[in-house]
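I have placed the structure first, in the form of structure tokens, so that the comments after it can refer back to it.
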Amino acid sequence: AKKIQKSNYQFYNSQLDREVEQRIEREAELVKGLKHGQFEPYFQAIVNAKSFTLEKLEMLARWQTQDKLKGPHEFIGIAEEAGLMNKVTLQLLEKAMTSLVRWITTSVNLQLSVNLTAEQLLDEGFLDDFESLLERYQISPKNIELEITETSLIANLDQMRQSLEVLQDKGFSIAIDDFGTGYSSLTYLKYLKFNTLKIDKKFVDDLNYESEEDDLAVVIINMAKSLGVSTVAEGVEYCEQAKRLADAGCSQLQGYCFAKPMPIDAIGNMVELGTVM
Ligand code: C2E
Ligand code: CA
Ligand code: CA
Ligand code: CA
């Protein structure tokens, strides 16, 4: 028995070593990717629900490695763990700025929606870097919306409340992302100041066309109206979803029905047209 225990221990140990090794390797790759400027911003249109005119662009991270394009699920977690998320976000923003300047001259009210982690929203050093970048390109915070997921907001409620207020005083808009997935009490909604609720795709998928009642997406839209904030429905893939949401008074729509996330060059044409359809 002793012998087995020993070999089990050794197995466990080498398994652990391998995991640590793999993590270090993945982090090193990420550092290299950053150094070579491989993080690319993609952009997805967010349109007015009634007119389908372009109102916002959500910036979504991609990692263009030598052999493939990686999506955020393949690296955001590792980047956060390794403390590299600020560098990733700043690299994306840096690449977006020149184009954003041009886009805003065509469309003065256009907003760039930027996904931030909870940690970033509370990191004054990062926020300073972000603001300096905007100043350098003379972009007003009015043209920026910060997206923060519901779950990360409520994990740090008091600090978040303060940070959101400071940012809004500077002119930034705040959107609560993936709303409805956190299964949290709604009382925090009154406690926090924000501008937009992003209704998670799950509620758009669940729209029921037979009955007029019980659609949670519609309940959320009405609740947002009573709070005086706007709504974006995410993951709108079908025209019938778009119609239903627009009829219910949803402010803006986002999803493959209108446009997929696109690289910087492709999105330029859309901004010039000012509409996706
Ligand atoms: P998210 O913020 O909820 O972004 C929306 C995701 O849904 C995007 O996936 C987008 O490509 C996808 N999507 C949009 N429309 C549709 C649709 O009609 N159907 C379907 N099935 N999917 C749709 P993506 O780009 O893979 O990003 C995944 C998540 O990664 C994002 O979810 C966001 O939470 C995170 N993420 C992306 N970029 C960044 C970033 O720069 N910083 C941070 N902190 N998180 C990021
Ligand atoms: Ca988002
Ligand atoms: Ca979302
Ligand atoms: Ca989501």
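As the structure lists them, so they are numbered: ligands from 1, and atoms in each ligand from 1. We're numbering straight along the sequence, starting at 1. These figures come from a predicted structure and were not determined experimentally.
Checked options K198, E234, K56, E55; the residue passing with Q254 is K198 (criterion: side-chain hydrogen bond (donor to acceptor under 3.5 Å, both in side chains)).
Only the side chain of K201 comes within 4.0 Å of ligand 1, judged by heavy-atom distances. Under 4.0 Å from ligand 1, heavy atoms of A61 appear from its side chain as well as its backbone. At a heavy-atom distance under 4.0 Å, no atom of Q120 approaches ligand 1. Contacts between T149 and ligand 1, counted as non-hydrogen atom pairs separated by less than 4.0 Å, are absent for every part of the residue. At a heavy-atom distance under 4.0 Å, no atom of V114 approaches ligand 1. Using a 4.0 Å cut-off between heavy atoms, R62 contacts ligand 1 through its side chain alone, with no backbone atom that close.
The closest side-chain donor-acceptor pair between D123 and N86 falls under 3.5 angstrom. Side chains of Q64 and E40: no donor on one and acceptor on the other come within 3.5 Å.
Residue K202 qualifies as enclosed at atom NZ: its count of foreign heavy atoms under 6.0 Å is above 12.
Atom numbering of ligand 1 starts at 1 in the shown order; those under 4.0 Å from a heavy atom of H73 are 28 (C). Each of the following atoms of ligand 1 lies closer than 4.0 Å to a heavy atom of G235: 16 (C), 17 (C), 18 (O).
Using 4.0 Å as the threshold, E58 has a heavy atom nearer than that to some atom of ligand 1.
With waters neither drawn nor counted, the protein N/O/S atoms under 3.0 Å from the Ca ion (ligand 2) amount to 4.
Polar contact check, D177 against ligand 1: a nitrogen or oxygen pair lies under 3.5 Å apart.
In this structure the side chain of F194 never reaches within 4.5 angstrom of the side chain of I148, judged on heavy atoms.
Residues M223 and V232 do not share a hydrophobic cluster, defined by chaining ILVMFWY side chains whose heavy atoms lie under 4.5 Å apart.
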